[in-house]
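The model shown is predicted, which means the values in this text are computed figures rather than measured ones.
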Amino acid sequence: MAKNKEYWSWVEAAVNVIGGKWKLLIVLVLRDGKLRYSEILHKLPSISEKMLVKQLRELERDGIITRTVYPVVPPKVEYSLTEAGDKLVIVLKVLGFWGIRYLDDEVVGEGLSREKVNDPVKLRLLLEDIQKIRNDIEKQLGEQN
């Protein structure tokens, strides 16, 4: 993503980085820690190897994930979220909450992002995560003034 490009809105800029079917799912898969390429591929069986490589490269280029190569034989490569990627997970939790409310029980799957809507502990944690985003924004605005 070209950070100096003029976008029509902040949403357009964000979608430019995370757009597409696979990037958000890759971020969700990496939310619990480092994974090797084959582990990511195993968790997302519908993605082609070519598409996974492409999406990982773009996420790395945009600073959402980091790729660590270990100097061993055979080569070992691990992917993990950066600080920006960790903050994106918070946004995905909010998006997941919206999806649950919007789709109700029409979604079936492994439950990667499915959380109980009526669980007060999870809702409190979600609100804390949203507050972290707000604090980051206020801090950045304070630094600009």
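Counting heavy atoms from C-beta outward, Q131 and L127 have side chains that stay 4.5 Å or more apart. At least one side-chain heavy atom of I40 sits less than 4.5 Å from a side-chain heavy atom of L56. Looking at I130 and R134, their side chains never come closer than 4.5 Å, going by heavy atoms from C-beta outward.
Between R36 and P75 the shortest heavy-atom distance is NH2-O, 3.7 Å. Summarising the geometry of A84 relative to G63, their closest heavy-atom pair is CB-O, 3.7 Å, with the distance given to 0.1 Å. Considering all non-hydrogen atoms of both residues, G85 and V27 come closest at O-CG1, 4.2 Å. Nearest heavy-atom pair, T82 versus T66, reported as atom, atom and distance to 0.1 Å: CG2-N, 3.9 Å.
In this model, no donor atom of one side chain and acceptor atom of the other lie less than 3.5 Å apart for N16 and E12.
Here the CG atom belonging to L95 is positioned 8.0 Å from the CD1 atom belonging to I18, to the nearest 0.5 angstrom. I26 contributes atom CD1, which lies 14.5 Å from atom CZ of R31 (distance to the nearest 0.5 angstrom). The distance from atom CG of D86 to atom CD1 of I65, rounded to the nearest 0.5 Å, is 12.5 Å. Once rounded to the nearest 0.5 Å, the distance linking CG of D32 with OG of S80 reads 12.5 Å. L30 contributes atom CG, which lies 5.0 Å from atom CG of L81 (distance to the nearest 0.5 angstrom).
Although no hydrogens or angles enter the test, the distance criterion places no donor-acceptor pair under 3.5 Å between the side chain of Y37 and the main chain of Y79. Checking side-chain atoms of K23 against main-chain N and O of Q55 turns up no donor-acceptor pair under 3.5 Å.
V72 is not connected to L35 by any chain of hydrophobic side-chain contacts under 4.5 Å among Ile, Leu, Val, Met, Phe, Trp and Tyr, and they are in different clusters. Taken together through direct or relayed side-chain contacts under 4.5 Å among Ile, Leu, Val, Met, Phe, Trp and Tyr, I137 and V89 form part of one hydrophobic cluster.
A salt bridge links K87 with E83: at least one charged nitrogen is closer than 4.0 Å to a carboxylate oxygen. Comment: E58 engages K54 in a salt bridge, judged by a side-chain N to carboxylate O separation of less than 4.0 angstrom.
Heavy atoms of other residues, nucleotides or ligands lying less than 6.0 angstrom from CD of E49 number 12 at most.
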